[in-house]
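Reading through the structure tokens given below for one structure.
The structure displayed is predicted, hence computed values, not measured ones. When reading the values below, keep in mind they use all heavy atoms of this one structure, side chains included, and skip hydrogens, waters and symmetry mates. In what follows, every chain begins at residue 1, and chains take the letters A, B, ... in the order their sequences are listed.
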Amino acid sequence: MELAKIEQLVEKYFDGETTLAEENELRTYFSSPRVAPHLEHYQSLFQFFVKEKEAQFSPSILQKTKNKKPMIGLGLAASMVLFAGLLTFLHFNGKAQNESVSTADLGQFESPEEAFEETQKALALLSSNVNVGMKSVNYINEYQNSKKLIFKK
Amino acid sequence: MNQNEFILMINPFKDKLFRLAKRLLVSHEEAQDATQEVLVKLWDKKNGLEKYSSIEAFAMTMTKNYCLDQLKSKRANHLKIVHSNYVAKEATLDQATEDNDSWNWVEKMINELPDQQKLIIQMRDIEQYEFEEIAKILDMNETAVRVNLSRARKMIREKMNKTHAYGIS
């Protein structure tokens, strides 16, 4: 390529007016071994551009996703083992309890009437105690009374 | 979209994102983190991507914004970016070939440019985007891109001529 044209292109290049095709022409010119001496110092610039385009994003995103999968598997396995252990533990424990506490120890009633009476007794005891509790809360009403005295509606 | 489709989709431009991030953040590791971050964001948005006319341009904009945010938070914290790979390059400067040496100079000069011009140089001179695409990614008009590009190129030329005059490179 004739030198005049290259010089012209270089000028255009620095004015930001070259097209991509023209810039490529410059690149090929400057990567060739025969560059005019007065243009030699631009050589490194264009060679740098070519070189810089080769840098690659090396740690592939694939690696990360690959690393994740076995971790999930491990977690799954661990939780399964834990779950199985828990199940067997509960199972045997439950069994042991069932065996130790037989129906006789719970004091079952023979007839339904008896059972009904006992239940009523138990409920009455409970409700009387609830009423005791209520009595002690009654004094809160005093606040209400004094409030009414002060703020007459 | 499954993983494989996603990887096929990002493959053509993931290196470009990385190089853009590296241009701004300088550090190799930080650029990798930034790229990873942007790709994760893209993956999260994978179902809404159809509405973008160019996913590549969208991803480039995301990378640009992410890196500028990173830089902003770093500068606000009065922290300097740790670019270890840069130091490593300096250390090997002695044994570097003549070519490598002048490439380092070019890189240094580009690193001294304002962020906006770095971005434009990166996208035009290295990735060879059309002005239209750059304008879209940076949300500028094409004339402004051209003006900035010309300014950046001339700045590099000026610095290069200076180093030549001193006979350093």
Side-chain angles (χ1 to χ4, degrees), chain A residues 3 5-73, chain B residues 3-4 6-7 10-11 13-19 21-23 28-29 31-33 35-36 39-40 42-43 98-107 109-110 120-122 124-131 143 145-158 160-161 163-164 169:
Chain A
L3 191 60
K5 201 191 165 194
I6 290 297
E7 277 173 348
Q8 214 186 335
L9 276 184
V10 168
E11 267 322 296
K12 258 180 101 182
Y13 169 80
F14 283 106
D15 287 331
E17 279 160 4
T18 39
T19 62
L20 283 181
E22 287 168 334
E23 281 167 26
N24 267 332
E25 267 178 51
L26 283 174
R27 272 169 207 246
T28 33
Y29 174 77
F30 281 108
S31 50
S32 72
R34 24 182 196 82
V35 176
H38 67 287
L39 291 176
E40 235 171 15
H41 57 290
Y42 295 135
Q43 207 172 3
S44 51
L45 183 65
F46 288 96
Q47 285 177 353
F48 173 79
F49 291 151
V50 174
K51 185 204 74 157
E52 273 302 278
K53 215 185 169 175
E54 284 159 14
Q56 281 184 347
F57 179 54
S58 43
S60 70
I61 193 157
L62 280 166
Q63 270 177 353
K64 265 216 162 162
T65 47
K66 258 182 200 163
N67 283 345
K68 249 181 202 168
K69 268 184 188 162
M71 286 305 283
I72 291 171
Chain B
Q3 271 184 26
N4 283 335
F6 182 75
I7 286 164
I10 61 160
N11 257 342
F13 59 81
K14 71 176 194 325
D15 293 335
K16 292 184 188 174
L17 302 183
F18 170 67
R19 291 190 291 254
K22 189 158 182 292
R23 178 67 48 230
H28 190 83
E29 285 75 23
Q32 282 184 343
D33 286 351
T35 316
Q36 195 79 267
L39 290 179
V40 168
L42 263 189
W43 170 253
E98 177 91 357
D99 278 351
N100 240 325
D101 199 28
S102 49
W103 287 345
N104 273 339
W105 272 105
V106 176
E107 191 161 28
M109 285 168 214
I110 294 177
I120 294 175
I121 285 277
Q122 174 72 20
R124 179 64 183 193
D125 280 336
I126 297 171
E127 308 296 355
Q128 294 175 292
Y129 278 112
E130 289 288 353
F131 284 116
T143 334
V145 173
R146 272 175 205 272
V147 168
N148 264 302
L149 179 68
S150 161
R151 223 172 267 166
R153 282 172 176 172
K154 280 178 175 160
M155 182 68 85
I156 295 171
R157 175 170 67 177
E158 204 176 292
M160 266 168 87
N161 287 343
T163 54
H164 258 261
S169 82

Say you draw a straight line from [atom1] of [X] to [atom2] of [Y]; how long is it, rounded to the nearest 0.5 Å?
| X | Y | atom1 | atom2 | result |
| --- | --- | --- | --- | --- |
| A/Asn24 | B/Gln128 | CG | CD | 4.5 Å |
| A/Thr18 | B/Leu149 | OG1 | CG | 7.5 Å |
| B/Ile156 | A/Phe48 | CD1 | CZ | 8.5 Å |
| B/Gln122 | A/Lys53 | CD | NZ | 10.0 Å |

Which answer fits B/Phe131, side chain, backbone, both or neither, if we ask what part of it has an atom under 4.5 Å from a heavy atom of chain A? side chain
Given that the side chain runs from C-beta out, which part of B/Arg151 has a heavy atom under 4.5 Å from chain A: side chain, backbone, both or neither? neither
Looking only at heavy atoms, which two atoms of A/Gln56 and B/Asp15 are closest? And how far apart?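 Shortest heavy-atom contact: CG-OD2, 3.5 Å.
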Output yes when A/Glu52 and B/Lys22 qualify as a salt bridge under the 4.0 Å nitrogen-oxygen rule, no when they do not.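 No, this pair does not count.
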If we define contacts as heavy-atom pairs under 4.5 Å, which of B/Lys154, B/Arg146, B/Arg157 has the most with chain A? B/Arg157
What option among B/Ile121, B/Ile110, B/Thr35 has the most heavy-atom pairs under 4.5 Å with chain A?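 Ranked by heavy-atom pairs under 4.5 Å with chain A, first place is B/Thr35.
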Near A/Gln8 CD, under 6.0 Å, is it more than 12 heavy atoms from other residues, nucleotides or ligands? no
Under the side-chain contact (heavy atoms from CB on, under 4.5 Å) rule, what do B/Arg124 and A/Leu20 come out as? Steps first, then yes or no, please. CA-CA 8 Å; B/Arg124 179 64 183 193; A/Leu20 283 181; 3.4 Å; yes
Just jot down the side-chain hydrogen bond (donor to acceptor under 3.5 Å, both in side chains) partners of B/Ser150, sequence neighbours excluded, or say none. none
When the 4.5 angstrom heavy-atom criterion is applied to A/Phe46 and chain B, the contacting part is neither
